[in-house]
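Okay, structure first, notes after.
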Amino acid sequence: EERLVAWSGTICHHLDMGGGIAGANANATELFHEGIIFPTMKLDADKDLNGGPFEQILAANLRLPEAVLGDFRAQQSAALRGRSLLLGVFERYGAALVTRCMDAMLQHAEAVMRATISSIPDGTYTATDTVDGKFLGDPLLSVRLSVEIKGSEAIIDLTETDPQVS
């Protein structure tokens with residue numbers, strides 16, 4: 001039986017992905033200003049990457065393609081290494097045992113979190129902080145947090161936070 005039980009992935013911030021300026025674009029007012037957007041897709045490493053059409057499109061939108069593609073390849077290698085290690089664990093111990101262990105880890109993490117929350121007296125706790133506005137000199141934006149503790153549960157409320165700026 002084939003079924004998805006795990007995956008390997010990586011997340012990183014690349015130096016440049018096109019867009020108005022390299023790096024973070026503080027003046028961006030919409031997603032398109034941030035650079036090239038890739039929807040979720042399945043790529044064939046042999047056909048699409050390693051000089052293939054996906055890599056060519058990516059390189060054509062970069063200011064420093066050699067540097068960014070090197071980072072991109074390192075990210076790809078990390079995901080493939082994770083995949084290889086996961087497959088090795090599944091081959092060595094079997095899917096049934098590995099998935100039971102994964103479930104046990106999730107249950108343990110939840111139990112530890114709930115025990116920690118339970119150690120906090122029931123009640124509502126609030127905090128307010130500020131973050132920079134959209135542009136230099138803009139008013140600060142307030143982030144208002146309310147956390148209600150009920151036994152082993154924490155209800156987090158950010159509805160009083162200032163609206164998002166874009």
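Fair warning: this is a prediction, and the values are worked out from it, not measured in the lab.
Across Ala79 and Ser8, no two heavy atoms sit closer than the pair O-OG, 2.8 Å.
Atom CG of Asp122 sits about 11.0 Å away from atom CD1 of Ile117, to the nearest 0.5 Å. To the nearest 0.5 angstrom, Ile36 atom CD1 is 12.5 Å from His14 atom NE2. Taking CG of Leu69 as the reference point, atom CG of Leu62 lies at 6.0 Å (rounded to 0.5 Å). Atom-to-atom distance recorded for Asp71:CG and Leu15:CG is 7.5 Å, nearest 0.5 angstrom. Distance OH/Tyr125 to CD1/Ile149: 6.5 Å, rounded to 0.5 Å. A distance of 9.5 Å separates CD of Glu153 from OG of Ser118, quoted to the nearest 0.5 Å.
The hydrophobic cluster containing Val68 also contains Ile57, counting ILVMFWY residues as joined when their side-chain heavy atoms lie under 4.5 angstrom apart, directly or transitively. Each of Val5 and Leu87 belongs to its own hydrophobic cluster when Ile, Leu, Val, Met, Phe, Trp and Tyr are linked at side-chain heavy-atom distances under 4.5 angstrom. Placement of Ile120 and Met113 within a single hydrophobic cluster is found when ILVMFWY residues are connected by side-chain heavy-atom separations under 4.5 Å, directly or transitively.
The backbone N or O of Ala95 lies less than 3.5 Å from a partner atom in the side chain of Thr99, making a donor-acceptor pair. Judged by distance alone, with hydrogens and angles left aside, the side-chain atoms of Glu148 form no donor-acceptor pair with the main-chain N or O of Ile155 at under 3.5 Å. Using modelled atom types, no side-chain atom of Ser146 and backbone atom of Asp157 make a donor-acceptor pair closer than 3.5 Å. One N or O on the side chain of Arg114 and one on the backbone of Ser152 form a donor-acceptor pair closer than 3.5 Å.
Arg63 and Asp16 are joined by a salt bridge, as a carboxylate oxygen and a charged side-chain nitrogen come within less than 4.0 angstrom of each other. Comment: Asp162 engages Arg144 in a salt bridge, judged by a side-chain N to carboxylate O separation of less than 4.0 angstrom.
Counting heavy atoms from C-beta outward, Val147 and Thr124 have side chains that stay 4.5 Å or more apart. Side-chain contact between Asp132 and Leu140 is present, with at least one heavy-atom pair separated by less than 4.5 Å. Using a 4.5 Å heavy-atom threshold, the side chains of Val131 and Val143 count as touching. Looking at Arg73 and Glu55, their side chains come closer than 4.5 Å, going by heavy atoms from C-beta outward. Residues Met17 and Asn61 fail the side-chain proximity criterion, which asks for heavy atoms closer than 4.5 Å. In this structure, Leu86 and Trp7 have side chains that are not in contact, with every pair of non-hydrogen atoms separated by 4.5 Å or more.
Counting heavy atoms of neighbouring residues, nucleotides and ligands inside a 6.0 Å radius, atom CD of Glu160 does not exceed 12 of them. For Phe32, the CZ atom counts as loosely surrounded, since its 6.0 Å shell holds 12 or fewer non-hydrogen atoms of other residues, nucleotides or ligands. More than 12 heavy atoms of other residues, nucleotides or ligands shown are found within 6.0 angstrom of CE on Met102.
Side chains of Gln75 and Thr10: a donor on one and an acceptor on the other come within 3.5 Å.
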Acceptor/donor pairs from residues 39-49 side chains to any protein atom, 3.5 angstrom cut, sequence neighbours excluded:
unit_1 : atom_1 : unit_2 : atom_2 : d
Asp44  : OD1    : Asp46  : N      : 2.9
Asp44  : OD1    : Lys47  : N      : 3.1
Asp48  : OD2    : Asp44  : N      : 2.7

*Checking side chain to side chain contact (heavy atoms under 4.5 Å, CB included) for the pair Leu145/Thr126: CA distance, chi angles, key distance, verdict?*
CA-CA 5 Å; Leu145 169 68; Thr126 60; over 6 Å; no

